[in-house]
Participant: 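Below you'll find the structure I mean.
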Amino acid sequence: MLWSKLFIPTLRENPAEAEVASHQLLLRAGYIRQLAAGIYNYLFLAQRSLLKIQNIVRQEMDAIGGQEMLLPGLNPAEVWQESGRWDVMGDNLFRLKDRFGRDLCLGMTHEEVMTVIARGELRSYKQLPQIWYQIQTKFRDEPRPKSGLLRVRQFIMKDSYTFDMDQAGLDVAYDKHYKAYCRIFERCGLEYTVVEAHSGAMGGSQSHEFMVESDAGEDFIAICKDCGYSANLEKAVSVPSPPGAKDPEGDLAPEEFHTPGRKTIADISAFTGLPETSQMKSLVLVADGKPVLVLLRGDHQLSETKFGSISGDPEFRQARPDEIVEWFGAEAGSLGPVGVKNMPVYADQALVGRCNMIAGANKSDYHLRHVTLGKDFQAEIRELRQVNEGDACTNCGKPLVIRKTVEIGHIFKLGYKYSESMGLRVLAADGKEVTPIMGSYGIGIERILAAAIELYHDKDGMILPAAIAPFQVVVTPANFNDAAQAEAARTIYEGCRKLGLDVLLDDRDERPGVKFKDADLIGIPFRIVIGKKLAGGSVELVDRKTRQSTDVPVADVARAVAERLN
RNA sequence: CGGGCCGUGGCGCAGCCUGGCUAGCGCGCUUGCUUGGGGUGCAAGAGGUCCCGAGUUCAAAUCUCGGCGGCCCGACCA
């Protein structure tokens with residue numbers, strides 16, 4: 001295509017509203033323009049890149065036997081009411097009414113609609129397994145859209161759904177998706193990590209997320225570089241670091257001591273001269289309207305996700321000060337487990353094997369020393385803490401590292417939640433009714449582009465992997481008004497087209513500097529520069545990533561690009 | 001939903017505190033000349049509901065109140 005005919009509105013300066021690199025570059029390079037918060041116009045270059053990503057996804061989904069469909073974005077309330085998610089989704093679900101006052105919503109995911117199709121049509125085990133997918137627009141009324149395309153209210157998702165007769169079938173479908181996702185992200189040129197993910201309130205089914213490391217991300221993952229263990233921080237487990245000081249020995253009884261005005265773990269640590277690891281942190285939480293006491297080692301943080309699944313109430317909250325006084329007879333800062341009878345007590349694994357620790361006395365401005373789990377109080381032992389950087393890996397004992405990431409894909413063993421609640425049944429070979437087991441699997445299309453930009457850019461612009469760049473090569477005559485250069489440019493451009501390359505000819509009447517800057521900004525992997533060396537019969541082939549320039553004879557340059565792309 | 005910042009030609013900003021001529025600057029855009037290997041130089045132009053509404057005032061981009069919109073932090077994010 002000819003650049004002079006295209007709409008590629010590049011900007012010299014970063015728009016003030018953009019903060020993360022991918023957002024700035026997508027705007028500057030003329031890929032996108034904002035329409036409203038979390039709603040973007042995808043202009044020519046973005047659409048080209050997104051279509052390439054979608055085609056890679058499509059090919060790999062087809063390769064595992066996926067069948068592409070297209071479901072409506074506009075959904076009647078009834079199907080969401082059937083699964084119970086009309087209420088569960090809360091404000092994140094865009095809701096509207098039609099002219100007759102009927103409730104509708106904009107689909108944020110399509111388990112329900114897919115299950116409706118399956119329920120209406122699948123009758124026999126002979127029809128299973130099925131892999132159904134679509135590449136379609138999703139709507140989510142995010143409380144806070146941010147970071148350009150990384151968190152938006154309308155986006156394109158590849159979502160697939162599998163239906164199998166049994167767990168073994170689901171395992172196969174899941175594995176197929178796992179491998180297909182790896183191929184997709186590899187082909188898109190991304191460096192990514194697969195992590196174990198939190199399986200949600202739906203039960204103990206398996207889940208993995210595909211993550212790209214980036215400071216612009218919102219998820220933290222823990223990884224062991226040694227044995228390869230990796231998990232979302234919400235789910236990660238570790239061997240806690242050893243306590244900073246040995247516990248006092250002996251069968252000691254709890255002993256009260258005065259701690260006026262010392263409320264925090266750090267205060268008590270400074271006051272006693274003992275490290276934070278010698279204390280028990282007491283948190284009072286309210287789950288399902290009832291109080292729960294949670295105990296952690298002083299230096300540990302509660303994993304809200306872990307507590308949410310243990311308590312069965314992901315919406316749990318912290319207790320209010322007045323509730324704490326009512327239940328404990330003391331203020332926060334002096335709370336502890338000894339003598340607590342009116343609520344369940346959970347203790348984190350890291351407190352097992354410890355003795356004679358420090359905890360609040362349930363009397364304002366007093367603490368207890370010599371408190372021992374199992375002797376001075378009873379608690380249910382659970383995995384409640386969040387992994388700290390440097391904790392030992394439970395597999396191999398090497399230290400874990402924590403990284404900030406963007407989630408680009410998520411695969412999930414759903415189990416029977418939708419097939420059961422929505423009444424999907426088929427007849428098995430023995431003539432009995434069976435409820436199929438389901439899986440669901442998602443890829444955020446725009447996030448692949450945004451994550452690639454986050455990973456691969458420099459001060460001059462994007463450095464896109466060739467597979468997802470809007471063009472593979474740009475032909476840049478230094479001076480298009482020079483007849484010889486213009487002719488060579490056209491020849492090379494046609495040569496590239498004959499080889500099937502996605503080529504852009506920069507035929508604009510601009511200064512060479514402008515053309516170089518624009519080519520760098522929009523991130524085309526290769527540039528063929530036609531200039532002074534044309535007299536000697538050669539042009540320059542420049543690699544956007546390495547900036548290396550090679551002189552190549554005019555007649556060979558198209559082929560040289562094609563070879564480098566392989 | 002809580003906290004902070006912001007809204008002035010397409011973009012980046014100044015002006016606002018201390019109200020007052022035709023609302024400025026840089027970039028971009030148009031035309032002409034010039035230049036031609038990393039956002040040339042010169043000249044002449046076009047382009048504005050100063051987010052919206054109400055109020056105060058002789059007078060509002062500027063002060064007051066209300067609203068809308070955007071960004072960031074937090075909460076939230078099957």
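Note on naming: letters A, B, ... go to the chains in the order of the sequence lines (proteins, then strands), and numbering restarts at 1 for each one. Note that this is a predicted model, so its numbers are computed, not measured.
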Participant: Identify which nucleotide among B:rA78, B:rG26, B:rC76 has an atom closest to any side-chain atom of A:Glu13, counting heavy atoms from C-beta outward.
Facilitator: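 The listed nucleotide nearest to A:Glu13's side chain is B:rG26.
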
Participant: Less than 4.0 angstrom from a charged side-chain N to a carboxylate O is my criterion; do A:Asp348 and A:Lys281 meet it?
Facilitator: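 Result for this pair is no, no salt bridge flagged.
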
Participant: Within this structure, what is the CD-to-C1' distance between A:Glu17 and B:rG7, rounded to whole angstrom?
Facilitator: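 For the pair A:Glu17 CD and B:rG7 C1', the rounded distance is 12 Å.
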
Participant: Relative to each other, are the rings of A:Tyr181 and A:Phe210 parallel, tilted or perpendicular (30° and 60° limits)?
Facilitator: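 Taking A:Phe210 first and then A:Tyr181, their aromatic rings sit tilted (interplane angle of 30° to 60°).
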
Participant: Using 30° and 60° as the class limits, which term best fits the ring planes of A:Tyr174 and A:Tyr178: parallel, tilted or perpendicular?
Facilitator: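 Rings of A:Tyr174 and A:Tyr178: tilted, 30 to 60°.
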
Participant: Does A:Pro15 reach a base, just sugar-phosphate, or nothing at all? Heavy atoms under 4.0 Å.
Facilitator: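 Sugar-phosphate only.
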
Participant: Return the value, rounded to whole Å, for the distance between atom CD of A:Glu218 and atom P of B:rA75.
Facilitator: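 To the nearest whole Å, that distance equals 11 Å.
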
Participant: Out of B:rA78, B:rC13, B:rC76, which has the shortest distance to the side chain of A:Ala16?
Facilitator: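 Out of B:rA78, B:rC13, B:rC76, the nucleotide with an atom closest to A:Ala16's side chain is B:rC13.
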
Participant: Mark up nucleotides 42-47 of chain B, 5' to 3', with B wherever a protein heavy atom is under 4.0 angstrom from a base atom, S wherever such an atom reaches only the sugar-phosphate, and - elsewhere.
Facilitator: ------

Participant: For A:Glu19, which contact category applies under a 4.0 Å heavy-atom criterion: base, sugar-phosphate, or nothing?
Facilitator: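 It contacts sugar-phosphate atoms only.
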
Participant: Considering every strand and a 4.0 Å limit on heavy-atom distances, what is the contact class for A:Ala36: base, sugar-phosphate, or nothing?
Facilitator: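 Contact class for A:Ala36: sugar-phosphate only.
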
Participant: Find the distance A:Glu234:CD to B:rA78:P and express it as a whole number of Å.
Facilitator: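 My rounded result for the distance is 8 Å.
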
Participant: Can you pull the side chain to side chain donor-acceptor pair (under 3.5 Å) pairs that have at least one residue in residues 532-541 of chain A, sequence neighbours excluded?
Facilitator: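 Side chain to side chain donor-acceptor pair (under 3.5 Å) check on residues 532-541 of chain A returns A:Lys533-A:Asp551.
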
Participant: Any salt bridge linking A:Asp288 with A:Lys290? Criterion: basic side-chain nitrogen under 4.0 Å from a carboxylate oxygen.
Facilitator: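 Salt bridge flag = no for A:Lys290 with A:Asp288.
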
Participant: Between B:rC16 and B:rG24, how far apart are the P atoms? Round to whole Å, please.
Facilitator: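 After rounding to an integer number of Å, I get 15 Å for this pair.
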
Participant: In whole Å, I'd like the distance from the CG atom of A:Asp91 to the C1' atom of B:rC76.
Facilitator: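 Checked: the CG to C1' distance equals 10 Å.
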
Participant: Between B:rU64 and B:rU56, how far apart are the two C1' atoms, rounded to whole Å?
Facilitator: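 Rounded to whole Å, the distance is 7 Å.
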
Participant: Between A:Arg95 and A:Leu93, does a side chain to side chain contact (heavy atoms under 4.5 Å, CB included) hold up when you go through it step by step?
Facilitator: CA-CA 6 Å; A:Arg95 298 158 201 264; A:Leu93 188 62; 4.0 Å; yes

Participant: B:rC72, B:rC71, B:rC76: which one has an atom nearest the side-chain heavy atoms of A:Glu304?
Facilitator: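 Per side-chain heavy atoms of A:Glu304, the pick is B:rC76.
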
Participant: Can you tell me, in whole Å, how much space there is between the P of B:rC5 and that of B:rC63?
Facilitator: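 It works out to 15 Å between them.
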
Participant: Starting at CD of A:Glu142 and ending at C1' of B:rA78, how long is that distance when rounded to a whole Å?
Facilitator: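 Whole-Å distance recorded here is 11 Å.
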
Participant: Answer yes or no: are there more than 12 heavy-atom neighbours, outside A:Asn481 itself, under 6.0 Å from its atom CG?
Facilitator: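 Correct, the count exceeds 12.
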
Participant: Between B:rC77 atom C1' and A:Asn232 atom CG, what is the distance in whole Å?
Facilitator: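 In whole Å, B:rC77 C1' lies 12 Å from A:Asn232 CG.
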
Participant: Can you find a side chain N or O atom of A:Arg144 that sits less than 4.0 Å from OP1 or OP2 on B:rC73?
Facilitator: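 Checking A:Arg144 against B:rC73: at least one side-chain N or O falls below 4.0 Å of OP1 or OP2.
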
Participant: Rounded to the nearest angstrom, tell me the gap between atom CE in A:Met89 and atom P in B:rC76.
Facilitator: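 Distance, rounded to whole Å: 17 Å.
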
Participant: Specify the separation, in whole Å, of atom CD1 of A:Ile8 and atom P of B:rG28.
Facilitator: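 One finds 18 Å between P of B:rG28 and CD1 of A:Ile8, rounded.
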
Participant: Taking NZ, NE, NH1 and NH2 as the nitrogens, is one of them in A:Arg508 or A:Asp506 under 4.0 Å from a carboxylate oxygen of the other?
Facilitator: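 Yes, this pair counts.
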
Participant: How does protein contact run along nucleotides 36-41 of chain B, one letter per nucleotide 5' to 3', with B for base contact, S for sugar-phosphate only, - for none, heavy atoms under 4.0 Å?
Facilitator: BBBBB-

Participant: Considering only the C1' atoms, how many Å lie between B:rC58 and B:rG53, rounded to the nearest integer?
Facilitator: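 It works out to 23 Å between them.
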
Participant: How far, in whole Å, is B:rU30 from B:rC73 if one measures between their P atoms?
Facilitator: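 Straight-line distance between the two P atoms is 37 Å.
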
